[in-house]
Amino acid sequence: MMSLGEKLRNLRLRTKKTLTEQSRILKVSINSVYRWEHDLAMPRKPTLRKMADYYGVPLDWLMMEGASSSIVSETEQNLLGMFRKLPDNNRYKILGYVERMYVEEYGAEIQYV
């Protein structure tokens with residue numbers, strides 16, 4: 001089980017960002033990033049949302065207490081991050097492509113929950 005601070009630190013390290021780079025991206029002090037990563041302080045929700053978008057992870061996952069880091073693989077994080085940066089029309093094209101691949105692979109329509 002991982003704390004929010006551990007998740008934030010792992011995400012930053014996976015993307016090879018320094019504390020300084022992370023603080024510039026979020027427009028906060030290095031001290032703030034350090035305190036978040038060491039569970040000494042909690043970022044505000046808009047900042048958490050910005051981090052979730054930047055790293056391509058669900059906001060709910062970041063905020064879940066003790067959630068495992070394996071919920072979203074690094075590949076899934078990369079795909080989600082790129083997907084979120086695309087315009088809506090390209091997102092729909094990708095969804096259509098993935099749905100066709102799924103049907104070819106499994107011979108059934110995707111069941112959305």
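By convention here, the first residue in the shown sequence is residue 1.
Among Leu11, Leu26, Ile25, the single residue meeting the side-chain contact (heavy atoms from CB on, under 4.5 Å) criterion with Tyr54 is Ile25.
Put simply, the side chain of Arg35 reaches to within 4.5 Å of the side chain of Asn31, judged on heavy atoms. Between Trp36 and Val28, some side-chain heavy-atom pair lies under the 4.5 Å cut-off. Residues Met63 and Lys45 form a side-chain contact, since some pair of their non-hydrogen atoms from C-beta on lies under 4.5 Å apart.
For Leu62 against Leu4, the heavy-atom pair with the smallest separation is O-CD1, 3.2 Å. Looking at every heavy atom in both residues, Leu19 comes nearest to Tyr34 through CD2-N, 4.2 Å. The two residues Leu8 and Glu37 come nearest to each other via the heavy atoms O-OE2, 4.0 Å. Phe83 approaches Leu95 most closely through the heavy-atom pair CZ-CG, 4.2 Å. Closest approach of Pro58 to Ala52, counting heavy atoms only: C-CB, 4.3 Å.
A continuous path of ILVMFWY side-chain contacts below 4.5 Å connects Met42 to Met51, so both sit in one hydrophobic cluster. Criterion: ILVMFWY side-chain heavy atoms under 4.5 Å apart, direct or through other members. Under it, Ile94 and Val103 are not part of a common hydrophobic cluster.
Judged by distance alone, with hydrogens and angles left aside, the side-chain atoms of Arg91 form a donor-acceptor pair with the main-chain N or O of Arg84 at under 3.5 Å. A distance-only check finds a donor-acceptor pair linking the side chain of Lys7 to the backbone of Trp61 [under 3.5 Å]. With hydrogens and angles ignored, the 3.5 Å screen pairs a side-chain donor or acceptor of Glu6 with a backbone N or O of Ser3.
Separation of atoms NZ (Lys85) and CG (Asp53) is listed at 10.0 Å; rounding is to 0.5 Å. Taking CE of Met82 as the start and CG of Leu86 as the end, the distance is 8.5 Å to the nearest 0.5 Å.
In Arg12, the CZ atom is crowded: over 12 heavy atoms of neighbouring residues, nucleotides or ligands sit closer than 6.0 Å.
Using modelled atom types, one finds no donor on one side chain facing an acceptor on the other under 3.5 Å when comparing Thr20 with Ser23.
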